[in-house]
Each structure stands twice: as C-alpha cells, then as structure tokens.
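Note on naming: letters A, B, ... go to the chains in the order of the sequence lines (proteins, then strands), and numbering restarts at 1 for each one.
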There are 2 protein chains.
Amino acid sequence: MITRFETYLRTHTSLSDEDIERIASAAMPRSLRRNELLLQQDQVCRYKTFIINGLLRTFGRVADGSEYILQFSPENSWALDAESYDRETPSVFNIAAVEQSELLLWNKADFDRLLTDIPELQALSRQLISRSNYSSRQRLFTALSATSEEKYEDFTRTFPHLLARLPLHLIAAYLGISLKTLTRIRHAQLHR
Amino acid sequence: MITRFETYLRTHTSLSDEDIERIASAAMPRSLRRNELLLQQDQVCRYKTFIINGLLRTFGRVADGSEYILQFSPENSWALDAESYDRETPSVFNIAAVEQSELLLWNKADFDRLLTDIPELQALSRQLISRSNYSSRQRLFTALSATSEEKYEDFTRTFPHLLARLPLHLIAAYLGISLKTLTRIRHAQLHR
DNA sequence: TAGAAATATGGTCAAATGACCACTTTTCCC
DNA sequence: GGGAAAAGTGGTCATTTGACCATATTTCTA
C-alpha cells in the first residue's frame with residue numbers, strides 16, 4: 001500500500017531511499033468509504049493527502065444545497081484545501097470519496113518539517129502547486145468562455161480515464177451545468 | 001513615480017531602505033496607452049509587472065474573436081502570465097491597458113536574483129501568489145455555481161472601486177455573461 | 001437474492017440568455 | 001472644437017437552459 005506511494009515518489013523525483021522511507025513513514029494511512037467525507041466545510045484542513053487508490057472530489061455547496069465540484073483527485077494525486085491548510089482557517093469546501101479510497105495523510109507540522117529538511121520534496125511540492133494553479137486558471141477561462149457542449153468535450157478530452165468512473169450528475173456538477181443539459185448534449189452526440 | 005512603488009514595499013514589508021532601493025533600481029519604467037498591449041498571446045511573458053497607476057486586464061480570446069477577462073490589475077498590484085513567465089513558454093493570454101497606465105517591469109533573470117538575495121521579497125512574492133490562487137479558486141466556484149445576477153453582485157461587492165472605471169462590456173467579459181444580460185440585471189435592480 | 005437506492009434518459013413548460021439591430025449619449029482624440 | 005468612436009440602453013426573436021416529473025435500468029447492500 002505504502003509501496004504505491006514510494007513508487008510514485010521514485011518516478012517523479014530522484015529522492016534517496018532514505019528520504020523516501022522517511023516521508024512515507026511520517027504518513028498515516030486512512031481509508032474512506034464511498035461518499036465519506038475527508039474534510040467538511042467550516043473545519044480546518046489539517047492534512048495533506050495522497051490518494052493511493054480510489055477517487056476524491058473537492059466541492060462546495062450553495063445556499064439551496066446543490067453542490068459544485070472544483071476538482072477530482074484520482075489515485076497518484078493529492079487533495080487538500082490549500083487555503084484552509086496553509087492559513088489554518090475554516091474551509092469553505094468539502095472533500096469526499098467518490099469511490100472507496102485508500103489515502104495517506106500528513107499533518108502540517110510533520111510535512112512542513114519534511115519540506116525544510118528535504119529540498120527535493122519542496123521542489124516537487126512547488127511544481128505540483130504551480131501546475132495546479134496553471135490548470136485552474138485555464139479551467140476558469142473555459143468556465144467563462146465555453147458553451148456547455150464545449151465544456152463537456154473539453155472534459156472528455158482532458159480526463160478520458162475519469163469518464164467511465166463518474167456518474168453523470170458529478171460530471172455536470174464539475175462543469176457547472178445541469179444534469180438535464182448534460183444528457184441533452186450526450187443525446188445530440190449520439191445522433192451524429 | 002518609483003516613489004509610489006517604494007511606498008508600496010514599505011507598507012507591505014519591513015524591507016530595508018537599501019533593499020528597496022535595489023529592487024526599485026532594477027525596474028524598467030514603461031507607460032501604456034489605453035488599449036495598448038503589454039503581452040500578446042503566443043509571446044513569452046518576459047516581465048514581472050507592477051502597476052504604479054492605471055488599470056490592466058488579462059484576457060483570452062476564443063475562436064470567434066470574443067474576449068474573456070481573467071483578471072483586472074489596478075495600481076499597486078501586479079500583472080503577469082505566471083505560466084508563461086515561469087516556464088518561458090508562449091502565453092495563451094493577453095495583457096492590455098484599460099486606462100493609460102504607468103508600469104515598472106523586471107525581467108525574469110533580474111527578479112530571480114532579487115528573490116534569492118532578498119528573502120523577504122521572496123516571502124512577499126509567495127504571499128501574493130498564494131492569495132491570487134485562493135481567490136481564483138473562489139472565483140472558479142462562483143463561475144460554476146452562481147447565476148448571472150449573483151456574479152454581478154459578487155463583483156460589485158468585491159471590486160466597488162473598479163465599477164466606475166470599467167465600461168460594462170468589460171465587466172460582462174469578466175463575468176462571462178453577455179452585455180445584454182448585464183444591462184438587464186442593472187435595469188431590474190433600478191426598479192427595486 | 002430481494003428490496004432500496006442510485007443512475008440515466010426523456011417530456012414539457014417557463015425562464016434566462018444571447019444574437020442582431022437600432023438609437024441616443026458620452027467620451028476620446030486629432 | 002468637432003468628428004468619430006465608444007458606451008449604454010432597449011426591442012425582438014430564437015435558442016439554450018433549468019425545474020419538475022416520470023420511468024426504466026443498474027448497482028448496491030442488508
């Protein structure tokens with residue numbers, strides 16, 4: 001289980017075996033059942049989370065109770081509410097499991113120490129943050145400018161591997177369109 | 001002119017006079033007329049830019065030529081395409097002046113040196129990047145979840161000082177709605 | 001394995017939105 | 001100062017979208 005994480009580190013960095021071992025051993029394993037929450041809004045996000053297998057979603061709720069998804073985090077990726085984690089303030093978002101998932105958690109104190117002690121982990125961390133920021137910027141632009149159909153096509157292009165694992169209403173919540181609109185788009189694409 | 005930037009640094013950091021002087025003297029002044037471009041898509045973003053006065057917009061174009069605005073940068077803020085600047089790759093976005101503007105530019109080599117030499121500048125830089133990321137995340141959520149009217153109200157709440165300086169079609173391009181819809185919202189709010 | 005819950009699709013209707021056009025007022029710049 | 005461009009508003013109509021409802025199918029789980 002932890003081996004998967006070690007493999008991830010080995011393929012994404014050139015960290016020494018000792019460092020990898022040190023990072024991995026600071027983690028707490030956790031599993032999440034389908035729909036179980038990892039982080040609830042109004043709580044502080046206390047952990048940096050690596051997904052070993054399964055699939056998480058980060059989402060927010062609006063006044064009427066409906067949910068909109070900011071991000072999906074499949075195996076070999078990370079999940080956290082960065083603002084809440086960094087500033088130790090209550091989160092406005094939630095993180096929950098879409099599928100039964102296996103996770104590794106680090107609390108902030110431990111992870112910060114690893115970051116200061118292991119420069120290459122810091123480099124990886126920065127790289128991940130940057131990439132995530134570039135892609136949210138791109139996503140914001142798509143959200144502003146694309147039609148519903150373009151948004152769906154963009155999604156299928158960008159995350160082909162997630163398509164089959166997600167119920168349509170979650171894809172709709174990610175695209176910011178109604179389930180009805182999404183079904184219509186799919187229907188129209190069939191007859192072409 | 002450069003004094004304004006020095007004042008900015010003094011109120012946002014506790015940098016020494018020497019450091020402030022060093023940072024300021026590495027900058028190139030530049031002015032931009034209304035609608036003049038600072039960065040054009042397909043070009044590499046070579047400068048970190050501080051806005052002394054005036055107002056910039058960062059925007060992208062879609063196939064049909066219409067524009068959508070990612071960000072406004074008024075005086076005492078910064079503008080750049082982070083992804084293009086960091087990776088020295090062609091930008092997909094443009095930056096242009098909404099009003100006649102006075103800027104300070106640093107090229108990457110110079111600014112990187114300042115960052116390594118002056119830890120507190122690095123701290124400020126990190127803080128600015130983080131804040132910008134938190135707010136784009138929040139903005140993405142609004143773009144996904146809010147109605148046109150809610151988006152406009154959110155905008156007036158968040159940027160009351162920009163309202164009077166911006167023509168409506170630029171606000172519409174920022175909200176990702178048509179000018180017509182924006183006019184309708186304003187019309188409806190009058191009769192209430 | 002049976003019942004319950006989740007999922008996918010479709011129909012209908014009303015509301016929201018955008019495209020296109022016209023007109024007036026304001027602002028800009030030569 | 002004056003002509004041109006930009007900005008703001010409004011009308012109309014077609015399209016898109018969402019809300020609500022129903023139903024068939026699949027999946028989950030007790």
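With no hydrogens or angles considered, a side-chain donor-acceptor pair links A/Glu153 and A/Gln189 at under 3.5 Å.
Two rings, from A/Phe93 and B/Phe141, have their centers less than 6.0 Å apart.
Under 4.0 angstrom from either OP1 or OP2 of D/dT17 there lies at least one side-chain N or O belonging to A/Ser148. A sub-4.0 Å separation between OP1 or OP2 of D/dG10 and a side-chain N or O of B/His187 is present.
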For every nucleotide of nucleotides 22-30 of chain D, 5' to 3': is a protein heavy atom under 4.0 Å from its base (B), only from its sugar-phosphate (S), or from neither (-)? ---------
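Atom CD1 of B/Ile23 and atom CD of B/Glu21 lie 10.0 Å apart (nearest 0.5 Å).
Between B/Leu179 and A/Arg184, it is A/Arg184 whose nearest contact on DNA chain C lies nearer the 5' terminus.
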Please walk me through it: do B/Asn94 and B/Gln41 pass side chain to side chain donor-acceptor pair (under 3.5 Å)? CA-CA 5 Å; B/Asn94 308 271; B/Gln41 69 193 86; 2.9 Å; yes
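Below the 3.5 angstrom threshold, one finds no donor paired with an acceptor across the side chain of B/Lys180 and the base of D/dG8.
Of the options A/Arg33, A/Arg57, A/Arg165, a salt bridge (charged side-chain N to carboxylate O under 4.0 Å, His left out) to A/Glu99 is made by A/Arg165 and by none of the others.
Recorded end-axis angle for the helix from C/dT1-D/dA30 to C/dC30-D/dG1 stands at 60°, based on five pairs per end and rounded to 10 degrees.
If you measure from atom CG of B/Leu168 to atom C1' of D/dT9, you get 10 Å, rounded to the nearest angstrom.
First and last contacts of DNA chain C with chain B, using any nucleotide atom under 4.0 Å from a protein heavy atom and ordered 5' to 3', fall at C/dT17 to C/dC29.
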